[in-house]
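What follows is a set of notes on a single structure, which appears directly below.
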Amino acid sequence: GAVVSQHPSRVICKSGTSVKIECRSLDFQATTMFWYRQFPKQSLMLMATSNEGSKATYEQGVEKDKFLINHASLTLSTLTVTSAHPEDSSFYICSARPAGDSYEQYFGPGTRLTVT
Amino acid sequence: AQKVTQAQTEISVVEKEDVTLDCVYETRDTTYYLFWYKQPPSGELVFLIRRNSFDEQNEISGRYSWNFQKSTSSFNFTITASQVVDSAVYFCALSEARNTDKLIFGTGTRLQVFP
């Protein structure tokens with residue numbers, strides 16, 4: 001149980017375009033989902049926390065207009081990188097917290113974004 | 001301020017050796033949670049353990065063991081008789097009870113186990 005999927009697993013896009021990454025909780029409902037970013041050989045940094053049906057809470061330094069997060073249902077959150085630049089190239093990982101749980105986060109397999 | 005320090009950037013061992021990965025944390029909260037995750041080359045984070053601040057008992061799970069010492073703010077992870085499949089990046093993480101949404105990760109320790 002507690003499986004989280006991400007799609008796509010890898011994506012290459014050109015500068016200036018937008019790309020959407022999906023995060024789904026497959027066998028549980030997630031009231032809260034999290035988005036992390038990981039640069040090569042570095043740690044995971046929390047970008048934002050999203051609660052179903054409400055606006056995401058972004059960490060300091062993360063541009064809301066650039067990283068659009070939508071959590072429209074209890075099993076799906078999306079991260080859209082708008083007007084992507086090469087410096088946005090990174091590994092994006094989502095996690096999901098089951099409804100009623102205060103501690104656990106189940107992580108997705110990650111999406112590697114390369115902006116050319 | 002909350003912080004997790006993993007001073008060992010990379011460790012290399014030969015199969016069957018024991019290896020300990022260090023984790024030191026900082027928090028002002030009295031209630032907090034500590035985690036270890038494994039990130040193999042595929043990238044997916046694998047949950048290994050969660051420990052709350054009131055439970056200082058050491059834990060053993062197969063070849064894995066964890067030593068939690070509040071006196072030194074450490075939560076070290078030992079792999080006994082390491083195997084090549086243990087090669088991965090291991091992250092220690094902290095969350096505080098007042099904001100369990102925020103999981104603070106250390107910088108990770110890359111473990112390479114050679115045959």
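Only a predicted model underlies this, so the values are computations on that prediction, with no experimental measurement involved. Letters go in sequence order (proteins before strands), and every chain restarts at 1.
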Enter the distance from R110(B):CZ to K41(A):NZ here, rounded to the nearest 0.5 Å.
5.5 Å
Does some side-chain heavy atom of Y36(A) sit less than 4.5 Å from a side-chain heavy atom of L103(B)?
yes
Could you look at L46(A) and say if it's the side chain, the backbone, both or neither that has a heavy atom under 4.5 Å from chain B?
side chain
Got more than 12 heavy atoms from elsewhere within 6.0 Å of NZ, K70(B)?
yes
Examine whether an atom of Q105(A) lies under 4.5 Å from a heavy atom of chain B, and if so say whether it belongs to the side chain, the backbone or both; otherwise answer neither.
both
Is atom CD of E87(A) surrounded by more than 12 heavy atoms (other residues, nucleotides or ligands) closer than 6.0 Å?
yes
Would you indicate whether the side-chain heavy atoms of F105(B) and M45(A) approach each other to under 4.5 Å?
no
Heavy-atom closest contact (F91(B) atom, Q42(A) atom, distance):
CZ-O, 3.9 Å
Tell me, yes or no, whether the heavy-atom count around K66(A) atom NZ, taken from other residues, nucleotides or ligands under 6.0 Å, exceeds 12.
yes
Taking G106(B)'s backbone N and O only, do any of them form a donor-acceptor pair with S43(A)'s side chain (distance below 3.5 Å, no angle check)?
yes
is_close_aromatic(Y106(A), F47(B)), centroid dist under 6.0 Å
no
Side-chain contact test, heavy atoms from C-beta onward, threshold under 4.5 Å: evaluate it for Q39(B) versus F107(A) and give yes or no.
no
Between T100(B) and R97(A) the two heavy atoms that sit nearest each other are O-NH2, 2.8 Å
If I compare all heavy atoms of D101(B) with all of T49(A), which pair ends up nearest, and what's the gap?
OD2-CG2, 3.9 Å
